Visitor: 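One structure, as structure tokens, below. Some questions next.
Quick caveat, the model's predicted, so the values are computed rather than measured.
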Amino acid sequence: MNTFEDLLSANREFATDFAFGGFDGIAKAGVAIVTCMDSRIDPLRMIGLQAGDAKIFRNPGGRVTEAALEAIVLAVHLLNVDRVLVVPHTRCAVASNTEEVLREKVAESAGTDVTWQRFHVIEDQVATLGLDVHRVASHPLVPDSVQVGGFVYDVDTGLLEQKY
Ligand SMILES: [Zn+2]
């Protein structure tokens, strides 16, 4: 019994009218988004885009990590990106819990010690967003022609609020 069969079945359905064959994978709309892994976020639809339009990098909290910067540099130089949106969100688990509380919750689920696991909680979401936007904008391989914006997505209204 394949535990992925429901998803593979859906995939075969998806592929019946697949239109992206041969597409080179640039960001057609010139957009890159760094956002949280949160399932309440639909990064393309929330800004009126669709598959093929944007590069999307997701992690807990929507942080501009080293890996996110690698993605952005590639996106800017090789994949047509000239606007970067950094988008954390309201009611984010890594911005509303302390490191200790998150570790306690995971330890409860895991039934084992998790003190060695870091979760990189965010203490001040808006201030952190400012630092993350700066990390992108000041990167030596991100030219001034690239616009970088920082936004908070409200998971209860669907609205973005620009902070930077
Ligand atoms: Zn989140």
Visitor: Do any N or O atoms from the side chain of Tyr164 and from the backbone of Val126 form a donor-acceptor pair under 3.5 angstrom?
Guide: yes
Visitor: Find out if a path of hydrophobic residues (ILVMFWY) with successive side-chain heavy-atom gaps under 4.5 Å connects Phe20 to Phe14.
Guide: yes
Visitor: Is there a side chain to side chain contact (heavy atoms under 4.5 Å, CB included) between Val31 and Leu85? Walk through the geometry before answering.
Guide: CA-CA 8 Å; Val31 169; Leu85 295 83; 3.6 Å; yes
Visitor: Any idea which heavy atoms bring Val121 and Thr98 closest together, and the distance?
Guide: CG1-C, 3.8 Å
Visitor: Could you tell me whether a side-chain N or O of Thr35 sits under 3.5 Å from a main-chain N or O of Pro88, the two making a donor and an acceptor?
Guide: no
Visitor: Testing the 3.5 Å rule here: is there a donor-acceptor pair between the side chains of Lys105 and Asn97?
Guide: yes
Visitor: Run Gln125 and Val152 through side chain to side chain contact (heavy atoms under 4.5 Å, CB included) and show every step you take.
Guide: CA-CA 9 Å; Gln125 188 178 51; Val152 174; 4.2 Å; yes
Visitor: Grab the two heavy atoms, one from Ala32 and one from Val81, that are nearest each other, plus how far apart they are.
Guide: CB-CG1, 3.7 Å
Visitor: Would you name the heavy atoms of Leu49 and Ala54 that are closest together and state the gap between them?
Guide: CD1-CB, 4.1 Å
Visitor: Under 3.5 Å, is there a donor-acceptor pair between the side chain of Gln147 and the main chain of Val84?
Guide: no
Visitor: About how many Å separate CD of Glu70 and CZ of Phe57, when rounded to the nearest 0.5 Å?
Guide: 8.0 Å
Visitor: Under the 3.5 angstrom rule, does the side chain of Asp132 hit a backbone N or O of Val64 as a donor-acceptor pair?
Guide: yes
Visitor: Locate the shortest heavy-atom distance separating Arg63 from Ala68; write the atom from each residue and the value.
Guide: O-CB, 3.9 Å
Visitor: Hydrophobic cluster membership, with links at side-chain heavy-atom distances under 4.5 Å among I/L/V/M/F/W/Y: are Leu79 and Val73 in one?
Guide: no
Visitor: Restricting to non-hydrogen atoms, name the atom on Phe119 and the atom on Val94 that form the minimum distance, rounded to 0.1 Å.
Guide: O-CG1, 4.1 Å
Visitor: Find out if a path of hydrophobic residues (ILVMFWY) with successive side-chain heavy-atom gaps under 4.5 Å connects Leu129 to Leu160.
Guide: no
Visitor: Applying salt bridge (charged side-chain N to carboxylate O under 4.0 Å, His left out) as the test, list every pair that has at least one member in residues 133-153; sequence neighbours left out.
Guide: Glu66-Arg135
Visitor: Going by an N to O cut-off under 4.0 Å, is there a salt bridge joining Glu108 and Arg103?
Guide: no
Visitor: With clusters defined by side-chain heavy atoms of hydrophobic residues (ILVMFWY) lying less than 4.5 Å apart, directly or transitively, does Val133 cluster with Val146?
Guide: yes
Visitor: Do you reckon Val106 sits in the same ILVMFWY cluster as Ile122, going by side-chain contacts under 4.5 Å, direct or chained?
Guide: yes
Visitor: Does the side chain of Val87 reach to within under 4.5 Å of the side chain of Ile33, using non-hydrogen atoms?
Guide: yes
Visitor: Should the pair Asp156-Arg91 be classified as a salt bridge under the 4.0 Å nitrogen-to-oxygen rule?
Guide: yes
Visitor: Flag yes if more than 12 heavy atoms outside His77 fall under 6.0 Å of its NE2 atom; otherwise flag no.
Guide: yes
Visitor: So, taking the atom named CG in Asn2 and the one named OG in Ser9, what distance separates them when rounded to the nearest 0.5 Å?
Guide: 11.0 Å
Visitor: Donor-acceptor check, side chain of Asn80 to backbone of Ala27, threshold 3.5 angstrom: yes or no?
Guide: yes
Visitor: Atom CZ of residue position Phe23 - does it have more than 12 heavy atoms of other residues, nucleotides or ligands inside 6.0 Å?
Guide: yes
Visitor: Under the 3.5 angstrom rule, does the side chain of Lys28 hit a backbone N or O of Ala51 as a donor-acceptor pair?
Guide: no
Visitor: Ignoring hydrogens and angles, tell me if any N or O in the side chain of His139 forms a donor-acceptor pair with the backbone of Ile72 under 3.5 Å.
Guide: no
Visitor: Closer than 3.5 angstrom, by distance alone: can the side chain of Arg58 be matched with the main-chain N or O of Cys36 as a donor-acceptor pair?
Guide: yes
Visitor: Looking at every heavy atom in both His134 and Ser138, which two are closest together, and how far apart are they?
Guide: O-OG, 2.6 Å
Visitor: Rounded to the nearest 0.5 Å, what's the gap from CG on Leu159 to CG on Asp154? Could you check?
Guide: 6.5 Å
Visitor: From Asp24 CG over to Leu78 CG, what is the distance, rounded to the nearest 0.5 angstrom?
Guide: 11.5 Å
Visitor: Roughly how far, to the nearest 0.5 Å, is NE2 of His89 from CD of Glu161?
Guide: 15.5 Å
Visitor: Walk me through whether Leu141 and Val76 qualify under side chain to side chain contact (heavy atoms under 4.5 Å, CB included).
Guide: CA-CA 9 Å; Leu141 297 176; Val76 163; over 6 Å; no
Visitor: How many angstroms lie between CG in Leu69 and CG in Leu74, if you round to the nearest 0.5 Å?
Guide: 11.0 Å
